Engineer: 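Input: one structure, supplied below.
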Protein chains: 2
Amino acid sequence: MLTQSEENYLKAIYSLSEDQKEAISTNLLAEKMSTKPSSVTDMVKKLSVKKLISYQKYQGCELTVVGKKRAIQIIRKHRLWEVFLVNNLNFGWDEVHEIAEQLEHIHSSKLTDHLEEYLGFPKVDPHGDPIPNKNGVFEKINKSIALSDVDTAVKGIVVGVEDGSSGFFQFLKRYEIGLGTEIKVVEKFNFDLSVLVLIDGKEISFSSVVANKIFIQIK
Amino acid sequence: MLTQSEENYLKAIYSLSEDQKEAISTNLLAEKMSTKPSSVTDMVKKLSVKKLISYQKYQGCELTVVGKKRAIQIIRKHRLWEVFLVNNLNFGWDEVHEIAEQLEHIHSSKLTDHLEEYLGFPKVDPHGDPIPNKNGVFEKINKSIALSDVDTAVKGIVVGVEDGSSGFFQFLKRYEIGLGTEIKVVEKFNFDLSVLVLIDGKEISFSSVVANKIFIQIK
DNA sequence: ATTATTTTTTAGGCATGTCTAAAAATAGTG
DNA sequence: CACTATTTTTAGACATGCCTAAAAAATAAT
Ligand SMILES: [Mn+2]
Ligand SMILES: [Mn+2]
Ligand SMILES: [Mn+2]
Ligand SMILES: [Mn+2]
């Protein structure tokens, strides 16, 4: 049985591995976990002994096949609970992440599977992220593109946002942006990487920080 | 924010306080928590500093008003989740306790309240135990009586069972006993405190252990 | 190739929650 | 009222997960 901390490390390593093929460095993982590199070293040693990651001193770490499966199961639980909170308990999509961070650590595969069935085997969570099935399989249908990478004059609909701070969700709510919102890129400014977009007839300027976190699907 | 361990101690103290008016002794609490008296001493000191219990060396402990409220909120969550698991996720009443032991520690009063509403403000959990409302108020309608205390020839229907091991639930399932089952006490044996009962036309002998855990309502 | 910088690990410490063994306090008995 | 038995607390230890400060290794720069 893994501790919550161990599970959170596995999730973090998995998440970072999606962005890069190479091993995850101690410092990068420390950053992600909001902790100190020395703490990370302690933990990767432990996870390595448990064969959940491969780790060589000074060489960073990578999930083993078993470790990756564990990570995906935790993500599965996280996203299923988020669906439940939004669809059934009337939470906003901006309120569920923190609670799901707790619920993802409940140990009962039967619970997870029954919940999935109860929810009608959803394919994506409220933020547009795919939900792995019982066997850890999920489609990376996310051929979405960050607003910052969209060409001028191109439009699309929001299919995902990066799991971020509650401040970011507040921001989205303020501008009435959610899954399905249509956004058109009007102009891009190189000097500060900001993006001028058109939403529901209104022009809005997004900073590069925001433009990097909103993902749209074109056509 | 309380740790899971602290919350479990509060629950245990509350539970023991229902059976006795006096302060809860260190040994009794250790027994209930399946831990050692020395560990209990450590914890009661901590809870005392936090003003959740009153505690004087060698004199046992009692919940403060604040501590009692906390305990009741945890019980509220436990029972609401049990209702959800049985009513919505198709779990059997004998399978939900362990999972609820985990779910009761999720910190979000909004979640609890939304769940309660979603479930339709249930008054009792799947084991017949009352569910406190948002303000910690609940009716002790449990004028039920343990089988061991029922007089000979008296009959009633099962309205509750003591939260016990999964072995106990297996036992109940084997004899097809659930909420609503009619049981008649045929004879009581003083030499071993066993009870001979009649269920659905069949005579069964219950040990005193079992007779103490099944609660029926008469007439 | 040597020095400087950055990254990573080690060493030692702290808080939580548990344990065993021993000491202290309380309760029970004649 | 002493003496014993039980209960409870203390002392010291261990595992987990985190920290700071210092040492060691790897990487970059001169
Ligand atoms: Mn999330
Ligand atoms: Mn988490
Ligand atoms: Mn229960
Ligand atoms: Mn619990």
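Below, chains carry the letters A, B, ... as their sequence lines are ordered, and counting in each starts from 1. This one's a predicted model, so the numbers in the text were calculated from it and none came from an experiment.
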Engineer: When every nucleotide of nucleotides 4-13 of chain D is labelled 5' to 3' by its protein contacts under 4.0 Å (heavy atoms), B for base, S for sugar-phosphate only, - for none, what sequence of letters results?
Structural biologist: ---SBBB---
Engineer: Could you tell me the separation between the CD atom of B:Glu7 and the P atom of C:dT16, rounded to a whole number of Å?
Structural biologist: 16 Å
Engineer: In this structure, is the centre-to-centre distance between the rings of B:Phe171 and B:Phe206 below 6.0 Å?
Structural biologist: yes
Engineer: Roughly, in whole Å, what's the span from OH in B:Tyr9 to P in C:dT16?
Structural biologist: 14 Å
Engineer: Looking at A:Glu6 and A:Arg70, is any side-chain nitrogen of the basic one under 4.0 Å from a carboxylate oxygen of the acidic one?
Structural biologist: no
Engineer: Rounded to the nearest angstrom, tell me the gap between atom NZ in A:Lys36 and atom C1' in C:dT10.
Structural biologist: 17 Å
Engineer: Listed by chain and number, what are the side-chain hydrogen bond (donor to acceptor under 3.5 Å, both in side chains) partners of A:Lys51, not counting sequence neighbours?
Structural biologist: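 With sequence neighbours excluded, A:Lys51 shows a side-chain hydrogen bond (donor to acceptor under 3.5 Å, both in side chains) to no residue whatsoever.
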Engineer: Please find out if less than 6.0 Å separates the ring center of A:Phe91 from that of A:Phe84.
Structural biologist: no
Engineer: Using the salt bridge (charged side-chain N to carboxylate O under 4.0 Å, His left out) rule, pick out the option among B:Arg79, B:Arg76, B:Lys77, B:Lys110 that qualifies with B:Glu116.
Structural biologist: B:Arg76
Engineer: If I take atom CG in residue B:Asn8 and atom C1' in nucleotide C:dT16, what distance separates them, rounded to the nearest angstrom?
Structural biologist: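 So the CG-C1' distance, B:Asn8 to C:dT16, works out to 15 Å.
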Engineer: Do the charged groups of B:Glu117 and B:Lys134 touch, with an N to O distance under 4.0 Å?
Structural biologist: no
